[in-house]
Engineer: 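Before anything else, here's the structure in question.
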Amino acid sequence: MPPTNKIVTIGSHSALQILKGAKDEGFGTIVVCVKGTEEPYRSFKVADTIISINSYNDFEKIQDQLVKEKAILIPHASFIAYMGFERVEHLKIPYFGNKKILRYEADRNLQRVWLKNSGINVPHIFKDYRDIDRSAIIKFHGAKGGLGYFIAKNPHDFKKKMKGYQKDQRYVIQEYIVGVPVYAHYFYSPLTDELEILSFDKRYESNVDSLGRISARDQLALANVDPSYVIIGNMPLVVRESLLPKLFEIGRNVVEESKKFASPGLFGPFSLEMIIRPDMEIVVFEISARIVAGTNPYVFGSPYSWLRYNEPMSTGRRIAREIKRALQTKQTHKILY
Amino acid sequence: MPPTNKIVTIGSHSALQILKGAKDEGFGTIVVCVKGTEEPYRSFKVADTIISINSYNDFEKIQDQLVKEKAILIPHASFIAYMGFERVEHLKIPYFGNKKILRYEADRNLQRVWLKNSGINVPHIFKDYRDIDRSAIIKFHGAKGGLGYFIAKNPHDFKKKMKGYQKDQRYVIQEYIVGVPVYAHYFYSPLTDELEILSFDKRYESNVDSLGRISARDQLALANVDPSYVIIGNMPLVVRESLLPKLFEIGRNVVEESKKFASPGLFGPFSLEMIIRPDMEIVVFEISARIVAGTNPYVFGSPYSWLRYNEPMSTGRRIAREIKRALQTKQTHKILY
Amino acid sequence: MPPTNKIVTIGSHSALQILKGAKDEGFGTIVVCVKGTEEPYRSFKVADTIISINSYNDFEKIQDQLVKEKAILIPHASFIAYMGFERVEHLKIPYFGNKKILRYEADRNLQRVWLKNSGINVPHIFKDYRDIDRSAIIKFHGAKGGLGYFIAKNPHDFKKKMKGYQKDQRYVIQEYIVGVPVYAHYFYSPLTDELEILSFDKRYESNVDSLGRISARDQLALANVDPSYVIIGNMPLVVRESLLPKLFEIGRNVVEESKKFASPGLFGPFSLEMIIRPDMEIVVFEISARIVAGTNPYVFGSPYSWLRYNEPMSTGRRIAREIKRALQTKQTHKILY
């Protein structure tokens with residue numbers, strides 16, 4: 001018997017996958033689109049209903065309609081970024097996820113404490129530019145989508161490069177770790193207390209992923225190019241199998257730690273964003289406490305989800321299955337907020 | 001009832017996928033191979049019949065045989081490159097695609113007009129080297145497979161580097177856009193007037209995709225390395241979901257524009273080759289008006305084709321399905337030329 | 001009727017895929033884990049039995065138990081690296097593969113002779129540093145997992161950089177080929193004398209695959225970064241279709257050549273690790289005479305294995321199928337040693 005609830009999400013980020021996964025689990029689907037962005041959801045045939053709004057400001061206006069449809073909201077990063085976490089906290093539509101986590105995720109400092117208390121390596125933060133004693137990356141606060149970074153090797157270099165930026169901008173000076181970026185996609189079920197690894201990806205970022213295609217000679221000849229990390233896409237990746245035990249361990253630690261400060265803790269999909277160094281040390285620089293777009297290559301399942309499920313299991317579908325299971329076993333209070 | 005027609009293509013480029021897709025739709029398959037290149041088509045079991053010829057010059061000699069077999073020809077880039085578009089225009093075997101498009105695709109200037117009239121950003125062209133006022137890439141005409149490029153930052157740099165090349169070679173001086181390359185794979189059906197996005201890829205090019213693996217210090221120490229863009233392979237990619245509405249729009253514009261100058265316009269598979277900049281502006285530098293090899297990672301479907309089809313749908317299979325549908329509905333005059 | 005034998009491997013490298021493939025072919029599965037590394041095999045549900053040992057030193061202690069279970073051992077690189085090939089040669093448990101190949105694979109010089117006698121291009125080796133007349137990469141013997149390399153352009157550069165290393169370390173000076181790395185995954189069946197190409201990958205190595213993400217200017221500003229090639233993961237890749245005939249040919253040559261010196265020769269999965277240059281010349285720098293971790297992206301089949309099999313066929317499953325076929329046709333003496 002298919003569920004009578006519907007799944008709703010916002011047309012962006014990972015909505016295609018979320019909606020497809022919901023349909024595969026038997027849910028009706030609704031996508032809310034800002035006017036002009038409907039075509040993908042029409043063409044890929046994943047939404048039973050498309051609701052157009054003028055801007056994210058109007059989301060609350062359609063909330064009653066969604067509640068009446070018995071819709072359950074799946075949040076993603078674009079939704080939270082455009083709404084702001086305070087507004088999300090006040091929504092009354094059933095929401096998949098622990099809203100208490102939102103403010104921890106939104107604050108770099110709280111994230112850092114969370115990771116450190118989980119026993120995980122994080123990059124060093126320099127409190128003062130004069131302390132820079134190894135290569136560092138300077139990240140401006142509120143930098144949207146990967147713009148506004150530079151790399152400095154020492155205090156002098158910092159001062160010189162800082163001249164190009166406004167004085168009143170807030171920033172953080174973080175140790176620059178040389179190693180490859182890896183994005184690990186987890187799912188934690190509060191219904192079964194199981195932690196799963198669903199997949200991995202490597203981001204495809206403009207311009208940093210094109211710099212290497214310009215020879216050093218030509219780069220130096222060209223006008224100076226500052227690195228930017230604007231995500232344009234994602235590429236599938238598997239990781240060295242001997243790293244998996246450690247990756248399960250740190251995923252579990254992040255979940256357990258979160259139970260202490262935001263009961264019942266982090267659940268559903270989340271991602272750890274890390275650098276893996278040549279000595280195979282893992283340094284985590286960010287937690288995403290919801291579905292990440294890096295799972296989009298795996299609409300039809302990942303090399304990892306095929307192992308466990310033996311059927312096409314995307315992160316979007318895994319969410320829908322969790323909700324279905326909670327509905328069937330009357331445990332929705334554990335996953336909807 | 002399976003179709004009584006057969007699908008034929010040339011053994012190279014994307015033939016494996018085309019033949020597999022044809023078989024999946026119930027067609028018999030024929031591959032025409034230059035002697036010595038048959039093994040992949042044998043080993044992968046995608047061709048019912050392998051016809052060996054000594055060289056592409058002999059293609060017309062087997063045409064009668066193919067016509068008798070009721071074969072429909074699926075062109076790809078290698079076929080057109082080796083045959084030359086004038087010869088292709090004069091073939092009498094049923095041909096999937098609009099032959100009028102061929103000469104627009106073959107001419108960089110006509111392509112450029114096509115793209116501009118479609119309202120799409122294209123890289124600036126410098127008519128004279130003395131006008132170079134930002135980084136530029138110099139592409140020689142008739143450059144085969146990605147060799148014969150260099151990057152110059154100003155007129156002086158251009159003159160210096162030009163010394164290594166023959167004076168009588170024709171070239172184009174194009175603005176060098178810093179951003180990541182993305183290849184978008186479309187399919188337009190003249191039977192339903194629907195435009196689909198089937199997949200995306202990132203090319204894997206020798207040597208540019210290895211330059212980044214050499215440290216700047218070592219690159220400068222080594223003998224000078226000119227960039228080359230010889231395609232060696234392709235890697236799967238998904239793009240940021242919020243870019244999709246724009247990508248649907250520009251794909252549609254390219255199709256509509258083509259109807260004006262080469263009625264009934266571009267149809268079937270095509271690709272737009274683009275750079276996406278850090279500000280998320282899309283700059284298109286080339287149209288491929290047929291199947292591209294970038295669809296080869298998706299023999300069993302792509303993250304996008306799984307959304308719409310819920311069965312393994314490669315571009316090769318999509319072609320075969322279009323032909324089958326046209327045969328079943330007596331509309332082959334709309335797709336075969 | 002499912003086979004009564006079981007498949008056993010060591011919990012690392014490509015064990016998830018091997019065990020999943022074995023289950024798909026109907027075998028019972030056993031994984032042997034060093035204590036503390038069991039979680040992936042539990043979570044991904046691929047092992048019927050998990051046996052924990054304190055270290056690889058204890059492997060022989062559980063051998064009798066494995067033999068009693070009618071287990072067949074599938075070796076992989078981690079198993080051979082940790083056990084040492086001499087110990088593997090003396091194991092009594094049925095072993096999938098030709099043990100005579102092990103010492104050829106372990107010795108760079110023997111590998112080189114093997115490749116050259118197969119008519120395959122290999123990188124030039126400089127016997128004396130004073131002979132360095134083009135860019136060269138210096139690889140230290142016993143370098144574990146990709147550490148301990150540098151690039152030198154001439155004898156002077158070599159001497160200068162060599163100062164950072166211990167004098168008594170053995171090394172090889174190899175021509176540095178500029179081109180893209182490609183890893184080709186083969187399977188040769190001694191039951192049918194067929195050579196298959198199952199897939200390709202591109203490694204994801206720390207730190208070389210992150211160097212390109214640092215601008216040349218910033219790289220030079222940072223402290224010197226030596227390249228390291230520690231494998232962190234693998235990414236899916238397809239190759240230009242016109243390269244396949246040559247790739248089938250060199251795979252076949254490697255198999256045929258091995259029959260001369262290690263009868264009945266190399267069989268089962270193997271990999272050729274190559275650079276493909278801009279002129280499309282293939283230079284092979286290593287043979288892996290067993291399953292490689294580069295096949296891990298293809299748990300649910302690769303674009304190539306879907307062509308031939310039309311069902312999900314990983315390299316792990318291909319191994320299990322070969323064993324099943326040998327059991328069914330009483331030819332296990334051809335594949336178990």
Side-chain angles (χ1 to χ4, degrees), chain B residues 11-17 19-20 23-24 33 36-46 76 78 145-147 201 204-223 225-226 228-236 293-294 296-301 312 314, chain C residues 134-135 150-154 157 176 178-182 194-197 200 202 205 208-220 224-227 235-245 247-249 252 275-280 300-304 306-310 312:
Chain B
S12 191
H13 190 269
S14 50
L16 289 167
Q17 180 199 156
L19 298 167
K20 174 68 161 68
K23 286 183 88 71
D24 286 345
C33 289
T37 66
E38 298 88 349
E39 186 54 23
Y41 307 96
R42 211 156 23 218
S43 177
F44 291 118
K45 300 180 188 293
V46 290
H76 52 56
S78 302
L147 290 167
D201 82 294
Y204 189 46
E205 294 171 329
S206 186
N207 62 17
V208 289
D209 282 311
S210 66
L211 294 183
R213 290 168 52 92
I214 311 174
S215 74
R217 187 196 56 181
D218 286 340
Q219 278 191 52
L220 296 172
L222 301 181
V225 180
D226 269 341
S228 55
Y229 302 84
V230 177
I231 305 171
I232 298 301
N234 303 85
M235 303 183 75
N296 286 339
Y298 304 114
V299 163
F300 194 65
S314 67
Chain C
R134 66 202 104 161
S135 48
F150 69 84
I151 292 173
K153 64 171 171 169
N154 57 34
D157 195 30
Y176 187 83
V178 178
V180 289
V182 169
E194 285 185 292
L195 177 75
E196 303 169 32
I197 288 179
F200 297 90
K202 175 191 176 329
E205 294 171 330
V208 288
D209 283 310
S210 66
L211 294 183
R213 289 168 52 93
I214 312 174
S215 73
R217 186 196 58 180
D218 286 340
Q219 278 191 52
L220 296 172
N224 276 342
V225 179
D226 269 339
M235 302 183 75
L237 178 71
V238 299
V239 303
R240 189 176 183 129
E241 194 161 312
S242 58
L243 289 167
L244 290 177
L247 288 165
F248 271 100
E249 183 191 323
R252 172 62 73 169
I275 300 291
I276 306 185
R277 300 190 321 198
D279 60 3
M280 286 201 254
F300 194 65
S302 83
Y304 298 93
W306 276 104
L307 289 170
R308 183 177 165 111
Y309 287 100
N310 221 11

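Just so it is clear: chains get the letters A, B, ... in the order the sequence lines come, proteins before strands, and each one is counted from 1.
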Engineer: Considering only heavy atoms from C-beta outward, does the side chain of C:K202 approach that of B:M235 to under 4.5 Å?
Structural biologist: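 Yes, side chains in contact.
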Engineer: If we only count heavy atoms from C-beta on, is the B:I232 to C:V182 side-chain gap below 4.5 Å?
Structural biologist: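 Yes, close enough: below the 4.5 Å cut-off.
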Engineer: For C:E196 and B:S43, work out which heavy atoms get closest and say how close.
Structural biologist: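 Result for this residue pair: CA-OG, 4.5 Å.
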Engineer: Do B:V230 and C:R240 touch side chain to side chain, with heavy atoms closer than 4.5 Å?
Structural biologist: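 Result yes, sub-4.5 Å side-chain heavy-atom pair found.
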Engineer: Can you see which heavy atom on C:G179 is nearest to which on B:S206, and at what distance?
Structural biologist: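 For C:G179 and B:S206, the tightest heavy-atom pair comes out as CA-OG, 3.5 Å.
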Engineer: Relative to chain B, which segment of C:Y304 carries a heavy atom at a distance below 4.5 Å: side chain, backbone, both, or neither?
Structural biologist: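 Contact with chain B involves both backbone and side-chain atoms of C:Y304.
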Engineer: Is B:N234 in contact with chain C via its backbone, its side chain, both, or neither, using a 4.5 Å heavy-atom distance?
Structural biologist: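 When you check distances to chain C, atoms from both the backbone and side chain of B:N234 fall under 4.5 Å.
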Engineer: Within a strict 4.5 Å, meaning less than it, do heavy atoms of the B:K23 and C:N310 side chains meet?
Structural biologist: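 No. Closest side-chain heavy atoms not under 4.5 Å.
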Engineer: Nearest 0.5 Å, please: how far is CH2 in C:W306 from OG in B:S314?
Structural biologist: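 Separation between the atoms: 12.5 Å.
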Engineer: Can you name the closest pair of heavy atoms from C:V178 and B:N207 and give their distance?
Structural biologist: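 The answer is CG1-CB, 3.8 Å.
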Engineer: With the side chain counted from C-beta on, respond yes when B:I214 and C:P227 share a heavy-atom pair under 4.5 Å apart, and no when they do not.
Structural biologist: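 No, every pair of side-chain atoms sits at 4.5 Å or beyond.
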Engineer: Please look at C:F200 and chain B and tell me whether the side chain, the backbone, both or neither of the residue comes under 4.5 angstrom of a heavy atom of that chain.
Structural biologist: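 Neither the backbone nor the side chain of C:F200 comes within 4.5 Å of chain B.
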Engineer: With a 4.5 angstrom heavy-atom cut-off, could you sort out which part of C:E249 is near chain B: side chain, backbone, both or neither?
Structural biologist: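 C:E249 has no heavy atom closer than 4.5 Å to chain B.
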Engineer: Any side-chain heavy atom of B:S78 within less than 4.5 Å of one from C:S242?
Structural biologist: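 Side chain of B:S78 against side chain of C:S242, heavy atoms only: no contact under 4.5 Å found.
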Engineer: With ring-ring contact (aromatic ring centres under 6.0 Å, His included) as the criterion, how do C:F248 and B:F44 come out once you've worked through the C-alpha distance, each side chain's angles and the decisive distance to 0.1 Å?
Structural biologist: CA-CA 11 Å; C:F248 271 100; B:F44 291 118; 5.7 Å; yes
Engineer: Is the side chain of B:Y204 donor-acceptor paired with the backbone N or O of C:P181 at a distance under 3.5 Å, no angle test?
Structural biologist: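 Side chain of B:Y204 to backbone of C:P181: a pair is present.
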Engineer: Between B:A216, B:G11, B:C33, which shows the greatest number of heavy-atom pairs under 4.5 Å with chain C?
Structural biologist: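 When all of B:A216, B:G11, B:C33 are compared, B:A216 has the most.
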Engineer: Measure distances from C:I197 to the heavy atoms of chain B and classify the residue's part below 4.5 Å as side chain, backbone, both or neither.
Structural biologist: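 For C:I197, heavy atoms of backbone and side chain both lie under 4.5 Å from chain B.
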Engineer: Counting heavy-atom pairs closer than 4.5 Å to chain B, which one of C:V208, C:V180, C:V239 comes out on top?
Structural biologist: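 Winner by heavy-atom pair count: C:V180.
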Engineer: Which heavy atom of C:E241 sits nearest to which heavy atom of B:S12, and what is that distance?
Structural biologist: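 Of all heavy-atom pairs spanning C:E241 and B:S12, the closest is OE2-O, 3.5 Å.
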Engineer: Quick one: do B:R213 and C:E205 satisfy salt bridge (Lys or Arg N to Asp or Glu O under 4.0 Å)? Show the steps, please.
Structural biologist: CA-CA 9 Å; B:R213 290 168 52 92; C:E205 294 171 330; 2.8 Å; yes
Engineer: Work out which heavy atom in B:L220 is nearest to a heavy atom in C:L220; give both atom names and the distance.
Structural biologist: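 Closest approach of B:L220 to C:L220: CD1-CD1, 4.0 Å.
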Engineer: Hey, does B:V299 have a side-chain heavy atom less than 4.5 Å from the side chain of C:L307?
Structural biologist: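 Yes, their side chains come closer than 4.5 Å.
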Engineer: Specify which of C:N154, C:D157, C:L211 makes the most heavy-atom pairs with chain B at under 4.5 Å.
Structural biologist: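 Most pairs with chain B among the choices: C:L211.
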Engineer: If you count heavy-atom pairs within less than 4.5 Å of chain C, which of B:G36, B:A15, B:G212, B:P40 leads?
Structural biologist: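 Heavy-atom pair counts peak at B:P40.
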Engineer: So which of B:T37, B:L16, B:D209, B:N296 has the largest heavy-atom pair count under 4.5 angstrom toward chain C?
Structural biologist: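 Ranked by heavy-atom pairs under 4.5 Å with chain C, first place is B:L16.
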Engineer: What part of C:L243 lies closer than 4.5 angstrom to a heavy atom of chain B: side chain, backbone, both or neither?
Structural biologist: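 Side chain only.
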